[in-house]
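Below you'll find the structure, written out as structure tokens, and then a few comments.
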Amino acid sequence: MSEHYVHLPIEEKWQKIWDDAHCFEAKDDYTMPKYYALIEFPFPSGAGLHVGHPRSNTALDIISRKRRMEGYNVLFPIGYDSFGLPTENYAIRTGIHPAKVTEHNMQVFHKQLKMLGFSFDYSREIYTSDPEYYRWTQWIFLKLFEKGLAYKAELPINFCTGCKVGLANEEVVDGCCERCGSPVVRIVRSQWMLKITEYADRLIDDLDTVDFIDRVKTSQKNWIGRSTGAEVTFKIEGWPEGLRIYTTRPDTLFGATYMVIAPEHPLVEAMADRIKNIDAVRDYRAKAARKSDFERSELAKDKTGVMLEGVTAINPANGKPIPIWISDYVLMGYGTGAIMAVPAHDTRDYEFAKTMGMPIVEVVAGGDIEKEAFTDCETGVLVNSGFLNGMQVEDAKKAMIEWLEKEGIGQKKTNFKLRDWLFSRQRYWGEPIPLVYCEHCGWVPIPEDQLPLRLPDIEDFRPADDGSSALARATDWIHTTCPKCGGPAEREIDTMPNWAGSSWYYMRYCDPHNDKCLADRKKLDYWLPVDWYNGGMEHTTLHLLYSRFWHKFLYDIGVVGCPEPYMKRTSHGMILAEDGRKMSKSFGNVINPDDLVREYGADTVRAYEMFIGAFDQTIPWSTAGVKGCRRFLERVWRLQDMLNDGQGVRKEMAASVHGCIKKVGEDYERMKFNTAIAAMMSLVNDFYQNGSVTKDELRTLLILMNPVCPHITEEMNELIGFTTPIYASKWPQYDESALVKDEIEVAVQVNGKIRAKMMLPVGMEQDAVRELVLDNPEVKPWIEGKTVIKFIAIRNIVNVVVK
RNA sequence: GCGGAUGUGGUGGAACGGCAUACACAGCGGACUUAAAAUCCGCCGGCGAAAGCUUGGGGGUUCAAAUCCCCCCAUCCGCACCA
């Protein structure tokens with residue numbers, strides 16, 4: 001009899017063996033086929049690993065371990081996204097330097113990850129707050145600056161009142177900070193911006209070249225928000241340049257009965273002396289400016305606005321004079337900040353026109369504009385529209401754009417929802433922006449050979465009340481000389497957002513210790529792109545988008561040789577607490593991976609997290625389920641006591657074993673880990689049913705299970721007498737012929753209802769099947785006295801249709 | 001409002017258009033045990049007297065629908081005046 005399964009010594013033993021053998025380290029052997037598997041590197045928070053990490057990590061650990069057994073040179077790296085606000089906030093509370101906190105937290109993470117037995121290449125561990133790492137983050141920023149893709153602009157920005165920091169568009173959720181939940185207000189501030197918009201088209205178009213799950217593609221597309229239409233200039237008396245608008249419905253130009261400009265539109269001040277009610281207009285603008293974005297959208301139902309009295313625009317299609325309004329439902333940041341209002345065919349314009357009593361003119365027939373705006377582009381036909389009359393909407397759009405271009409009053413135009421990326425943070429714990437400001441020379445980059453520009457050591461990490469960074473107090477650091485003219489200059493005191501370091505970390509993994517460049521080009525060419533990247537949906541329009549942008553930029557300047565960083569992107573579902581709520585300290589329902597590993601073992605935790613349900617689905621935790629997986633491992637463990645003297649795969653077990661090899665291999669690839677484990681459970685059940693198992697059968701099971709449960713399988717492999725460890729073994733091939741049976745059970749339906757089950761030889765002629773089936777005593781009563789009008793025999797189903 | 005996802009036994013979940021409920025959890029029974037736990041072996045959706053009905057609801061396509069199409073309902077997650 002074998003000893004009981006005691007996980008702890010087994011897991012420690014094998015983790016040490018793997019370490020000593022360096023068996024999971026990627027080799028720089030370019031003759032081997034490569035495989036690059038990546039999970040999002042964790043932020044080393046003080047709370048340590050949570051149960052979500054093992055879900056994603058185990059999934060790609062399974063793939064990595066399987067690939068190695070298939071003969072690939074696998075890069076499966078790990079690191080830490082170690083800059084960031086939570087660490088700085090902790091430093092503010094405790095006075096402990098963020099670098100120290102980070103160091104400690106990373107050690108905790110490292111230990112926890114090892115304890116779970118992930119086959120990371122720990123020799124390539126990196127962290128973004130390492131000066132040797134952020135040196136290259138800064139270098140990339142300088143390249144962006146050099147190419148004009150980083151610029152400083154005085155703009156209204158999203159400012160978190162809690163974190164006292166500016167936020168990117170992507171970081172604002174429901175008008176609040178995605179991190180701390182405090183309200184976000186608009187303040188005007190001089191900020192560094194990155195021109196991600198320059199890459200908008202390619203970020204959409206190149207999605208066709210990669211294998212991302214559809215959800216990810218769709219949300220990136222929607223976030224970038226490409227729309228096509230036209231820009232049209234309306235003449236305005238007394239303002240020669242006219243008012244330029246953007247519309248996606250140029251076909252409805254004849255129906256434009258007024259115009260609306262955003263409150264901040266320059267027209268207001270440019271024409272201030274002609275606007276009779278300028279005080280009322282300015283008053284409206286001031287009120288709009290005070291509203292937060294959140295309030296603006298909250299009040300979306302009630303349209304407000306003021307008409308500019310004394311100013312008239314001309315509808316270029318029909319020459320009619322139309323009024324101009326200002327209203328905050330038009331946004332300065334999109335298109336031209338001005339629209340033509342076609343109330344008959346736009347719901348917002350319709351509402352506004354109803355509220356303000358503006359005329360509504362139907363130009364697309366097919367709806368009932370008495371009731372609501374008719375916005376359908378499929379069925380409508382143009383009316384009241386001169387040369388467009390009788391056309392379908394799509395044809396009318398083309399015809400109108402043609403006309404506008406010929407007349408020189410407009411042209412085709414594409415617009416995006418995507419805005420440039422707000423890149424400054426008024427914080428200490430981030431990469432310093434490697435630029436100085438000189439009175440004479442303006443913004444000057446620090447010479448590359450002076451990188452990294454290190455963060456200065458300071459003691460007080462609090463941001464100033466005016467929202468500027470704690471770095472503002474590091475006056476010795478700030479005052480410097482201009483690299484260009486040698487005169488006095490000041491350093492930028494904003495730092496980069498935490499998205500900076502994570503935008504290129506997968507490159508550094510290819511060559512983590514290089515001190516000449518961010519990574520050797522040969523190594524990048526070998527390893528990139530990442531073959532499989534798994535991560536959270538919450539990063540779809542943040543990290544994933546940002547890093548695609550940086551990658552494309554680095555591709556353009558010749559640093560990398562492929563246009564996309566990630567070939568395949570998948571996403572895991574969230575794990576909820578047992579009560580169905582989010583795991584949260586405040587609910588007191590957090591499950592700690594450490595405790596689980598101690599009590600049940602890493603293999604059980606890994607198996608459970610893979611067995612819990614469909615990988616991409618949100619799922620509640622179940623302690624009973626964990627115990628079930630532990631029970632499964634014990635059941636596997638006891639197979640040692642059932643060994644017989646047989647060799648190879650016995651005939652009576654061949655179908656089970658080879659079926660399992662096939663199923664498990666396919667399911668791992670499709671991320672159907674739950675059904676892969678179910679298949680292995682079934683195989684184990686089959687062994688128990690049989691009463692014994694051969695060494696070779698057992699070893700096959702152990703290899704199949706190894707990617708999920710690496711420790712127990714290695715231990716058993718050794719215990720039953722094999723000297724080659726599984727990590728150095730080959731992934732098994734299934735024998736197709738073993739899956740082919742002589743006979744199969746066929747379900748016989750009459751008119752779609754099961755009436756009998758029969759064993760039939762495989763490959764029987766259709767006519768012979770028919771004869772046997774129709775003669776079956778269980779079938780006969782259902783067809784007696786009726787005519788068989790159809791007989792369908794497919795795979796293991798026969799359907800007899802009678803009348 | 002728009003976009004995405006989900007809806008199957010007491011529970012987590014399976015099911016290339018082809019036997020709905022694999023695999024587990026919970027429950028029940030048996031063996032073993034002085035006993036319990038553990039283990040092993042079985043049983044195990046609901047309604048209906050039955051024929052049957054039953055994958056959120058209603059239609060449709062099909063020899064055959066959880067799966068495909070149309071219309072609803074519910075829940076969750078994004079985005080939100082983007083002209």
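Below, chain A is the first sequence line, B the second, and so on; all start at residue 1.
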Sugar-phosphate only, base, or nothing, as touched by A:A338 at under 4.0 Å among non-hydrogen atoms: nothing

Sugar-phosphate only, base, or nothing, as touched by A:I789 at under 4.0 Å among non-hydrogen atoms: nothing

C1'-based separation of B:rU62 from B:rG18 [nearest Å]: 12 Å

Opposite nucleotide pairing with B:rC23, Watson-Crick or G-U, both atom distances under 3.5 Å: B:rG12

Nucleotide B:rG3, atom C1' - distance to CE of A:M537 in whole Å: 12 Å

Side chain of A:K417 (C-beta onward), nearest among B:rC79, B:rC81, B:rG18: B:rC79

Length of the CZ-P vector between A:R635 and B:rC23, whole Å: 11 Å

For atom CD1 of A:I619 and atom C1' of B:rU11, their distance in whole Å: 11 Å

Under 4.0 angstrom between A:K753 side-chain N/O and B:rG18 OP1 or OP2: no

Sugar-phosphate, base or nothing in reach of A:S219, heavy atoms under 4.0 Å: nothing

Whole-Å gap separating P (B:rG52) and CG (A:N751): 12 Å

P gap between B:rG46 and B:rG1, integer Å: 40 Å

Rounded interatomic separation in angstrom, taking CG from A:L576 and P from B:rG12: 12 Å

A:K412 NZ: over 12 foreign heavy atoms closer than 6.0 Å: no

Pair assignment for B:rA51, Watson-Crick or G-U wobble, requiring both distances under 3.5 Å: none

No-hydrogen, no-angle side-chain donor-acceptor test under 3.5 Å, A:S227 and A:N415: no

Rounded distance (Å) that lies between atom P of B:rG18 and atom CD1 of A:I794: 10 Å

Under 4.0 angstrom between A:Q617 side-chain N/O and B:rG4 OP1 or OP2: no

Contact residues, residues 627-634 of chain A to RNA chain B [heavy atom, < 4.0 Å]: A:G628, A:R631

Any side-chain heavy-atom pair of A:V232 and A:M400 under 4.5 Å: no

Base-pairing assignment for B:rG7 (Watson-Crick or G-U wobble, both under 3.5 Å): B:rC73

N or O in side chain of A:R638 less than 4.0 angstrom from B:rC40 OP1/OP2: yes

Residue matched to B:rC28 through Watson-Crick or wobble contacts both under 3.5 angstrom: B:rG42

Base-pairing assignment for B:rC2 (Watson-Crick or G-U wobble, both under 3.5 Å): B:rG78

The single option from A:Y608, A:F611, A:Y668 passing side chain to side chain contact (heavy atoms under 4.5 Å, CB included) against A:V708: A:Y668

Over 12 non-hydrogen atoms of neighbours within 6.0 angstrom of NZ in A:K780: no

Comparing A:G613 and A:N796 on RNA chain B - which has the more 5′ nearest nucleotide: A:G613

Sugar-phosphate only, base, or nothing, as touched by A:Q220 at under 4.0 Å among non-hydrogen atoms: nothing

Sugar-phosphate only, base, or nothing, as touched by A:I754 at under 4.0 Å among non-hydrogen atoms: sugar-phosphate

Ring-face cation of A:K303 near A:Y329 (centre distance under 6.0 Å, axis angle within 45°): yes

Distance-only side-chain donor-acceptor flag, A:E40 / A:S56, under 3.5 Å: no

Distance (rounded to the nearest 0.5 Å) between A:R215 CZ and A:M537 CE: 4.5 Å

Sugar-phosphate only, base, or nothing, as touched by A:T247 at under 4.0 Å among non-hydrogen atoms: sugar-phosphate

Presence of salt bridge, A:R670 and A:E666, under 4.0 angstrom: no

Watson-Crick or G-U wobble mate for B:rA65, both contacts under 3.5 Å: none

Sugar-phosphate, base or nothing in reach of A:N222, heavy atoms under 4.0 Å: sugar-phosphate

Anti/syn call for B:rG7, syn if |chi| within 90°: anti

5' priority, RNA chain B, between A:N799 and A:K663 [closest heavy atom]: A:K663

Within residues 669-686 of chain A, residues whose heavy atoms come under 4.0 Å of RNA chain B: A:K672, A:N674, A:T675, A:A678, A:M681, A:S682, A:N685

Sugar-phosphate, base or nothing in reach of A:S227, heavy atoms under 4.0 Å: sugar-phosphate

Distance, P atom - from B:rG13 to B:rA35, rounded to whole angstrom: 40 Å

Whole-angstrom distance between B:rA15 and B:rA24, as gauged at atom P: 15 Å

Beyond-backbone contact of A:V393 with A:L382, side-chain heavy atoms, under 4.5 angstrom: yes

Complementary nucleotide for B:rA35 - Watson-Crick or wobble, under 3.5 Å: none

Salt-bridge contact A:E634-A:R630 (side-chain N to carboxylate O under 4.0 Å): yes

A:H7 side chain near A:I712 side chain, heavy-atom distance below 4.5 Å: no

C1' gap between B:rA22 and B:rA31, integer Å: 27 Å

Sugar-phosphate, base or nothing in reach of A:Q749, heavy atoms under 4.0 Å: base

For atom NZ of A:K221 and atom P of B:rG3, their distance in whole Å: 15 Å

Mutual orientation of the aromatic rings belonging to A:Y5 and A:W637 [parallel < 30°, tilted 30-60°, perpendicular > 60°]: tilted

